[in-house]
Amino acid sequence: MMPPPAANPPYKLPPPLFSARCKACWFMASLLVLVVASFWSLDLQWAQFFSLEAAQSMGRFLGEFFPADTSPAFLNKVAVAAWETLAMSALGTLLAAVAGLALALPASRLHEAHTAWGRAPTRLLLNALRSIPELVWAALLLISAGLGPLAGTLALALHTTGVLGRLFAEAMENAPPGPGDSLRTQGVGNGRVFLYATLPQVLPQLMSYTLYRWENNIRAAAVLGVVGAGGLGALLAFHMGLFHMGKTATILGAMLLLVALVDAASLGARRWMTR
């Protein structure tokens, strides 16, 4: 006599939580081991951080920020510095978008028959540009460009070129090949194929990447002033170094407001382009 069928056939059972053949499981296990090893190797003073004495010291420090300096003369100085920070981030992002698009073309394989001889060296250049942080670029450029917003703008442009160039290249390689292949079969050259087939498909994605990096560059531009690149960061480093906490509070508020406005404008623009 045949046994009754199982209530839950094997193929309907939930997968095991961990399987020796599951690559994702091994990756998560390795990541967990790395996190545990990081906590174990670092001398983190959690008890001191959460102590009552630390909380009282932090409370006294935060209390020194109030009241903020709202005098018209200082607010005017902060507004000029905020505009300088905004201009640095916008110009640096624009230069990076142009340079990133120019480098993304040799860094991508646009179709299967494309030799892409410059793909490896161009990607190596993009990796080098983005591996150096903006602060390091600014410190290096201060030697040649001097103090002021020029060094900060160029530092943002160089680092962001490495980021956008790689993102643009990936977007071009992942674009649907159908429209471009149709044009190539008609004898259309690679330049016109890119302009009329590849670019229209990836342009919204490229604009979204550019706007997102502009948001990040607003924050970076505010920090670059600490090393003498101008903008709100220069004011912050000066007044915080002199313990002018009321003025520091005003500068921090201007930074928060500027970042919030740019984030909102960028988010609205990305939603409008992706409709």
Side-chain angles (χ1 to χ4, degrees), residues 77-107 121-171 206-242 247-248 251-267 269-270:
K77 185 185 297 186
V78 171
V80 171
W83 173 254
E84 192 173 77
T85 298
L86 180 64
M88 286 170 53
S89 66
L91 183 56
T93 306
L94 177 62
L95 293 174
V98 174
L101 182 60
L103 291 174
L105 290 173
T122 307
R123 292 208 170 204
L124 183 62
L125 173 61
L126 293 175
N127 290 341
L129 288 175
R130 71 172 180 271
S131 64
I132 302 177
E134 296 96 332
L135 276 174
V136 179
W137 275 122
L140 295 173
L141 290 168
L142 284 174
I143 302 173
S144 58
L147 296 175
L150 178 59
T153 302
L154 294 178
L156 291 174
L158 287 171
H159 178 81
T160 309
T161 295
V163 177
L164 290 181
R166 179 60 184 271
L167 293 175
F168 289 177
E170 296 292 339
L206 303 189
M207 292 298 297
S208 180
Y209 286 147
T210 303
L211 289 172
Y212 178 69
R213 285 303 308 180
W214 185 33
E215 297 175 21
N216 294 338
N217 285 342
I218 282 286
R219 304 176 184 90
V223 175
L224 287 180
V226 175
V227 296
L232 288 172
L235 276 182
L236 179 65
F238 177 76
H239 290 290
M240 199 168 185
L242 295 177
K247 297 183 185 302
T248 301
I251 298 168
L252 292 176
M255 285 183 175
L256 293 175
L257 180 60
L258 183 61
V259 169
L261 290 176
V262 172
D263 284 353
S266 178
L267 179 61
R270 291 203 308 270

I need the minimum non-hydrogen distance between [X] and [Y], along with the two atoms involved.
{"X": "L126", "Y": "G165", "answer": "CD1-C, 3.6 Å"}
{"X": "H159", "Y": "P133", "answer": "ND1-CA, 4.2 Å"}
{"X": "L235", "Y": "A81", "answer": "CD1-CB, 3.6 Å"}
{"X": "S89", "Y": "W214", "answer": "OG-NE1, 3.1 Å"}
{"X": "A155", "Y": "A138", "answer": "CB-N, 3.5 Å"}

Any [X] side-chain heavy atom under 4.5 Å of [Y] side chain:
{"X": "T93", "Y": "L156", "result": "no"}
{"X": "F238", "Y": "I251", "result": "no"}
{"X": "L252", "Y": "L256", "result": "no"}
{"X": "R130", "Y": "L164", "result": "no"}
{"X": "L258", "Y": "W83", "result": "no"}
{"X": "S208", "Y": "L211", "result": "no"}
{"X": "V163", "Y": "Y209", "result": "no"}
{"X": "L154", "Y": "W137", "result": "no"}

Give, for atom [atom1] of [X] and atom [atom2] of [Y], the distance between the pair rounded to the nearest 0.5 Å.
{"X": "L101", "Y": "L105", "atom1": "CG", "atom2": "CG", "result": "5.5 Å"}
{"X": "L167", "Y": "T210", "atom1": "CG", "atom2": "OG1", "result": "9.0 Å"}
{"X": "T85", "Y": "M255", "atom1": "OG1", "atom2": "CE", "result": "6.5 Å"}
{"X": "K247", "Y": "K77", "atom1": "NZ", "atom2": "NZ", "result": "7.0 Å"}
{"X": "Y212", "Y": "N217", "atom1": "OH", "atom2": "CG", "result": "11.0 Å"}
{"X": "T122", "Y": "R166", "atom1": "OG1", "atom2": "CZ", "result": "12.0 Å"}

Are R219 and E134 close enough for a salt bridge, meaning some N to O gap below 4.0 Å?
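No, R219 and E134 are not salt-bridged.
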Please check this pair: side chain of T160 against backbone of A157, looking for a donor-acceptor N/O pair closer than 3.5 Å.
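A pair under 3.5 Å: no.
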